[in-house]
Amino acid sequence: MILNKKLVKVVCVIQLAFLPCSILGQNKIIDTSIHKLVQEQTNLIFDSLVKIRRDLHMYPELAEQEKRTSKTIALYLKSLGLEVHTHIGGYGVVGILRTNKKGKRIAWRTDIDALESNHPDVVNFLSKNKGLRHICGHDVHTTIALGMAKVLTSLKDSLTGTVYFIFQPAEENWVGAKAMINDGLLNLIDPEEIYALHIAPMSEGIISTKSRNPYADYKGIEVTLKNTEEKDTLINYTKELLLNLQNIAADSKFWDNRNLLDPNIGLGSPNTIFKDYVTVNPKITVKETGNEISIKAYLSAEKDTQLELTLRQIKEKFQNSEYATQYIDSKFYYETALMLNDEKLTSATLSAISDIYGNENVLPLYGAIPDGRGDDFAFFQREIPGVYFLLGASDFEKGIVSMPHSPSFGVDENCIKSGVNFFSSMIIERLKY
């Protein structure tokens with residue numbers, strides 16, 4: 001994706017007048033002294049964190065193969081004096097910070113795996129594992145979580161409750177979260193809230209999210225019909241029915257990814273065009289098996305309830321059509337686990353971060369990212385209320401654009417400092433309530 005630098009710079013200094021009241025202030029008394037200590041501790045360890053990130057970047061490991069990465073994580077956590085558990089759901093690691101004082105139990109989850117890529121690296125600390133690269137930012141995610149563990153441990157005497165640091169393997173193939181849960185993770189720990197982040201192509205120093213789903217819902221729909229002599233007409237009718245479910249015109253600005261960060265119509269604008277949408281992939285497949293015809297299509301929607309409604313609409317349209325007797329069934333044959341941010345926690349955490357670090361660092365989303373993949377953090381959210389954040393890591397003036405999975409993916413390493421500061425402070429505030 002090519003980004004317009006001027007548009008991005010504008011959106012990252014979003015008009016504060018449009019920030020929702022829940023973010024602009026809650027009249028809560030925040031002890032700023034402890035957050036100053038967070039920043040001091042982060043500054044002290046920043047150079048060492050950059051070294052850790054670069055080491056992880058040079059030794060990327062694929063999903064379910066993160067042996068060296070998990071060992072590096074475990075050794076670091078043990079050096080802090082934390083209780084450490086390894087080999088959970090594969091190469092998963094958990095570090096537990098116990099203050100030994102009554103209080104809330106908060107979990108922070110990070111992903112640790114890398115991807116296959118033969119594209120040349122954009123940094124001088126090149127990957128030493130041929131064909132593998134950290135082009136999704138998991139090396140940065142891991143480093144931020146280790147930094148948070150270090151900072152919060154240094155402030156342990158001022159904290160209450162328990163903090164769990166979950167280092168999850170195999171996010172890229174959607175295996176790791178389920179594997180850790182199935183391996184008894186939630187028997188080992190018992191968090192009341194859970195949080196995570198992902199690198200995003202916004203300017204460094206910006207965080208963003210929204211309540212409910214920050215990503216579009218994405219499902220595969222299958223319509224099953226009787227295989228009759230008039231099958232060609234029936235297939236054409238079904239294809240047209242499916243394609244007409246889309247409510248975005250072919251020439252819409254919606255389809256230009258550069259508009260995702262546009263200050264007037266992008267995700268951060270109350271007037272965003274990335275809401276109330278349903279899209280249909282035009283590549284519709286048809287398969288005949290004996291007496292039946294299967295027609296499949298991929299759909300996405302901004303609202304997390306929209307596709308359920310769409311499925312009912314398909315059934316109703318067939319039942320009210322001349323093809324009612326040929327209709328057998330319609331169902332979802334493919335579903336991703338949709339991330340659903342807890343509404344109260346989203347409001348509370350964005351409010352806390354903006355109160356401590358300034359409204360200019362918080363970019364609320366008003367629409368859903370039209371991306372069908374999401375993150376298997378969704379499986380944790382099914383068990384524990386939580387929030388998934390996007391962290392900007394781009395420096396557009398230097399040509400560094402942190403677009404995950406892109407060949408030229410790059411990171412402004414100052415995002416490590418921002419991430420440690422923002423989310424250490426956030427956890428401290430959440431431990432109070």
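Side chains are part of it too, since the values below use all heavy atoms of this structure and drop only hydrogens, waters and symmetry mates. When a residue number appears, it is its place in the shown sequence, counting from 1.
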Note to self: Can you tell me how the ring of Phe318 sits relative to the ring of Tyr327, calling it parallel under 30°, perpendicular over 60° and tilted otherwise?
What the structure shows: parallel
Notebook entry, point to check: Just checking, is any N or O donor in the side chain of Thr69 or Tyr59 under 3.5 Å from an acceptor N or O on the other one?
Noted result: no
Check: Looking only at side chains, do Tyr277 and Asn247 share a donor and an acceptor under 3.5 Å apart?
Finding: no
Note to self: Tell me whether the rings of Phe379 and Trp174 are parallel (<30°), tilted (30 to 60°) or perpendicular (>60°).
What the structure shows: perpendicular
Check: Under 3.5 Å, is there a donor-acceptor pair linking the side chains of Gln246 and Thr279?
Finding: no
Check: Does the side chain of Asn421 pick up a donor-acceptor pair with the side chain of His35 at under 3.5 Å?
Finding: no
Check: Can you tell which of Leu390, Leu365, Asp304 makes a side-chain contact (heavy atoms from CB on, under 4.5 Å) with Tyr215?
Finding: Leu390
Note to self: Tell me whether Lys36 at atom NZ has more than 12 heavy atoms from other residues, nucleotides or ligands lying less than 6.0 Å away.
What the structure shows: no
Check: Judged by atom type as modelled, is there a donor-acceptor pair below 3.5 Å linking the side chain of Ser127 to the main-chain atoms of Leu132?
Finding: yes
Next item on the list: Using distance alone, with no hydrogens and no angle criterion, decide if Thr209 and Asn341 have a side-chain donor and acceptor under 3.5 Å apart.
Entry: yes
Margin query: Using only atom types and a distance under 3.5 Å, with no angle test, would you say the side chain of Lys398 pairs donor to acceptor with the backbone of Asp412?
Written below: no
Next item on the list: May I ask you to decide if the ring planes of Tyr333 and Tyr298 are parallel, tilted or perpendicular, using 30° and 60° as cut-offs?
Entry: tilted
Item checked: side-chain contact (heavy atoms from CB on, under 4.5 Å) partner of Phe409, the single match among Ile199, Val122, Leu115, Ile400 -> Ile199
Notebook entry, point to check: Can you name the one residue among Gln168, His141, His198 that meets side-chain hydrogen bond (donor to acceptor under 3.5 Å, both in side chains) with Asp111?
Noted result: His141
Checklist line | Residues Arg258 and Asp256 bridged, charged N to O under 4.0 Å | finding: yes
Notebook entry, point to check: Do we see a donor-acceptor contact under 3.5 Å between the side chains of Asp217 and Gln306?
Noted result: no
Check: Salt bridge check: are Asp376 and Arg109 linked by an N-O gap of less than 4.0 Å?
Finding: yes
Next item on the list: State the CD1-OG distance between Ile356 and Ser424, to the nearest 0.5 angstrom.
Entry: 10.5 Å
Check: Any side-chain donor paired with an acceptor under 3.5 Å for Ser394 and Ser402?
Finding: yes
Check: Is the Trp108 ring parallel, tilted or perpendicular to the Tyr195 ring (thresholds 30°, 60°)?
Finding: parallel
